[in-house]
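Quick notes on the structure that follows.
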Amino acid sequence: RMLVWGPGKSAEGQFGAENPLWPALETRGFAVRLEFGPFDPRWLDDVGQAWVVCGSGTSFDADAVAAVLGFVKAGKG
């Protein structure tokens, strides 16, 4: 399972549900979860991979930074 997160509308426009990459990954066994807007650290509880779409609106609060660091230190990617 993988999380794909972006900060807002510009990321959603390029990496949203209409992007053909997601169905292609799903045919190879990935379960893709797309999320946009404020980052919720709880999303990391259910995934083995996280893709962060960076841009001018990307920001993490202290809780999100701690969650992402813990995710990476646990050997997830």
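Everything quoted here is computed from the prediction, not taken from an experiment.
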[X] side, atom [atom1]; [Y] side, atom [atom2] - distance, nearest 0.5 Å:
X	Y	atom1	atom2	result
Q49	L25	CD	CG	8.5 Å
N19	E12	CG	CD	12.0 Å
R33	D46	CZ	CG	6.5 Å

E26: salt bridge (charged side-chain N to carboxylate O under 4.0 Å, His left out) partners, not counting sequence neighbours: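 Not a single residue meets the salt bridge (charged side-chain N to carboxylate O under 4.0 Å, His left out) criterion with E26.
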Please name all residues satisfying salt bridge (charged side-chain N to carboxylate O under 4.0 Å, His left out) with R1, sequence neighbours left out, ordered by chain then number.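 Here no residue qualifies.
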Qualifying residue, where the test is ring pair (Phe, Tyr, Trp, His ring centres under 6.0 Å) with W5 and the options are F15, W51, F60: F60
On a heavy-atom basis, the closest approach of A67 and P41 is CB-CB, 3.3 Å
If you look at every heavy atom in V47 and F71, which pair is closest and at what distance? O-CE1, 3.6 Å
Counterpart residues, side-chain hydrogen bond (donor to acceptor under 3.5 Å, both in side chains), relative to Q14 (two or more places apart): none
Partners passing side-chain hydrogen bond (donor to acceptor under 3.5 Å, both in side chains) against D40 (at least two apart in sequence or in another chain):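 Per chain and number, D40 pairs via side-chain hydrogen bond (donor to acceptor under 3.5 Å, both in side chains) with R42.
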Any residue meeting side chain to side chain contact (heavy atoms under 4.5 Å, CB included) with L69, in chain and number order, not counting sequence neighbours: V65
Taking only residues two or more places apart in sequence or in another chain, which ones pass side chain to side chain contact (heavy atoms under 4.5 Å, CB included) with A11?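 Only P7, F36, V53 meet the side chain to side chain contact (heavy atoms under 4.5 Å, CB included) criterion with A11.
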Compare all side-chain heavy atoms of D63 with those of F39 and state whether any distance is below 4.5 angstrom.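 Not touching, per the 4.5 Å side-chain cut-off.
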Donor-acceptor under 3.5 Å (W22 side chain, G16 main chain):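 Yes, because the side chain of W22 sits within donor-acceptor range (under 3.5 Å) of the backbone of G16.
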